[in-house]
Undergrad: 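After the structure tokens below, expect a handful of questions from me.
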Amino acid sequence: MEEKKSRSQFLTVMKALSRNKMAIVGLIILIILVFAGTFAHVIAPYDYAAQDLQNAFQHPNAQHLFGTDEFGRDIFSRIIYGARMSLLVGFVSVGIAVIVGGALGAVAGYYGKRIDNIIMRLMDILLAVPQTLLAIAIVAALGTGLVNLMIAVGISSVPTYARIVRASVLTIREEEYIEAARASGTSNTKIIMKHILPNCVAPVIVQVTLGIASAILTAAGMSFIGLGIQPPEAEWGNMLSSGRDYIRGYSYMTMFPGLAIVITVLSLNLLGDGLRDALDPKLRN
């Protein structure tokens, strides 16, 4: 019975989402980017790290669609491999934030009182520091690199998810079915995992799509200033950083990675707005 109800709700949400043309456009773009990043080794015409100094600074042409950089590396290939890196950072860092922030928010909202006060004051302290600045501080402590970048961006996003989940739990914990579960002797852990968290999914899903976009921007910004993924790895932020010294004569070196960031973030924002409308019964047509 519960499975039928869940399937019916899923179909209702998907039907509402399908009516939003801009959200579908965002979803299609995101699928293309994920596909390109996953199969970059097949799609990319050149090795992203292969240098050819004789063909450095070539403007876009038939052999190199997006031109070549100062080392003769194919920019189109580096953009495709950069999609893999940027999306990996976005998805993994948000995954870390959802797991840690969701757990803290659920505990704070369900138990309340002193536990709630301690956890949320800690979240307030983290929120008092700008997300990018907090991520920079964490990377400075842990060191540069892909793994440390994902951890830093993930930890800096934890307070957002903790507050969202806590707000949902505070409403849900007073429902009659929660009281019935308590009266039947169900453990608090089981109540949280089985009855409360599944009902917090809607706002979290919307925030996840927007959070991935924010994480990609943060990661690109950190790579731009030399604290993220380091060359010769292909990442849109460090490509922008490398190209800025040649922006006057070879603007394509910064234009294409910049457009890649803009298109990716825009697609996620469009999808997030569509999911928000689809998941809110009041906004469904």
Side-chain angles (χ1 to χ4, degrees), residues 1-14 16-17 87-127 131 138 147 150-215 268 271-272 274-284:
M1 189 69 180
E2 287 184 7
E3 187 178 345
K4 279 188 176 181
K5 186 177 179 181
S6 299
R7 187 179 300 173
S8 175
Q9 289 176 342
F10 175 76
L11 291 174
T12 302
V13 169
M14 292 306 296
L17 182 64
L87 291 172
L88 180 63
V89 171
F91 281 102
V92 173
S93 60
V94 168
I96 293 170
V98 169
I99 293 170
V100 177
L104 290 174
V107 170
Y110 184 78
Y111 290 101
K113 298 181 181 179
R114 183 175 296 180
I115 294 176
D116 181 25
N117 195 38
I118 292 171
I119 292 175
M120 296 319 296
R121 295 301 73 76
L122 177 61
M123 295 299 104
D124 288 341
I125 292 171
L126 293 177
L127 282 171
Q131 183 178 349
I138 296 170
V147 175
M150 292 189 294
I151 292 172
V153 176
I155 292 174
S156 66
S157 304
V158 164
T160 301
Y161 296 93
R163 290 171 73 92
I164 289 172
V165 173
R166 175 182 175 271
S168 298
V169 171
L170 286 174
T171 303
I172 296 168
R173 72 177 185 178
E174 303 301 332
E175 295 290 337
E176 291 182 2
Y177 64 90
I178 300 297
E179 294 294 336
R182 288 198 194 100
S184 65
T186 306
S187 66
N188 289 328
T189 302
K190 192 171 183 180
I191 291 173
I192 292 172
M193 297 299 295
K194 187 176 180 181
H195 299 291
I196 291 181
L197 287 181
N199 289 293
C200 301
V201 168
V204 172
I205 288 176
V206 175
Q207 183 57 40
V208 162
T209 56
L210 301 176
I212 293 172
S214 177
L268 286 161
L271 180 59
L275 284 171
R276 180 197 61 202
D277 296 345
L279 290 166
D280 189 343
K282 297 177 182 177
L283 297 177
R284 291 178 195 161

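Residues take their numbers from the sequence shown, with the count starting at 1.
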Undergrad: Are Ser214 and Ser157 close enough that some pair of their side-chain heavy atoms sits under 4.5 Å apart?
TA: no
Undergrad: What is the distance from atom CD1 of Ile196 to atom OG1 of Thr171, rounded to the nearest 0.5 Å?
TA: 11.0 Å
Undergrad: Any non-hydrogen side-chain atom of Val165 less than 4.5 Å from a side-chain atom of Leu197?
TA: yes
Undergrad: Quick check: closest heavy atoms across Gly272 and Val206, and the distance to 0.1 Å?
TA: O-CG1, 3.8 Å
Undergrad: Show the nearest heavy-atom pair for residues Arg166 and Asp116, with the distance to one decimal.
TA: NE-OD1, 2.7 Å
Undergrad: Decide yes or no for Leu88 and Met150: does some side-chain heavy atom of the first lie under 4.5 Å from some side-chain heavy atom of the second?
TA: yes
Undergrad: Looking at side-chain heavy atoms only, is the closest gap between Val208 and Tyr161 below 4.5 Å?
TA: yes
Undergrad: What pairs with Ile205 under side chain to side chain contact (heavy atoms under 4.5 Å, CB included), at least two apart in sequence or on another chain?
TA: Val201, Leu275, Leu279
Undergrad: Of all the heavy-atom pairs spanning Val204 and Ile164, show the shortest one and how long it is.
TA: CG2-CG2, 4.3 Å
Undergrad: Show the nearest heavy-atom pair for residues Ile172 and Cys200, with the distance to one decimal.
TA: CD1-SG, 3.8 Å
Undergrad: Only one of Ile192, Ile119, Val169 clears side chain to side chain contact (heavy atoms under 4.5 Å, CB included) with Tyr111; which?
TA: Ile192
Undergrad: Return the CD1 to CE distance between Ile125 and Met120, rounded to the nearest 0.5 Å.
TA: 11.5 Å
Undergrad: Output side-chain donor-acceptor pairs under 3.5 Å for residues 94-102, partner residues at least two apart or in another chain, one line each.
TA:
none

Undergrad: Under 4.5 Å between any side-chain heavy atoms of Arg163 and Leu127, yes or no?
TA: yes
Undergrad: Taking all non-hydrogen atoms of both residues, which atom of Pro159 and which atom of Leu126 are closest, and how far apart?
TA: CG-CB, 3.6 Å
Undergrad: Residues in salt bridge (Lys or Arg N to Asp or Glu O under 4.0 Å) with Arg121, at least two apart?
TA: Asp124
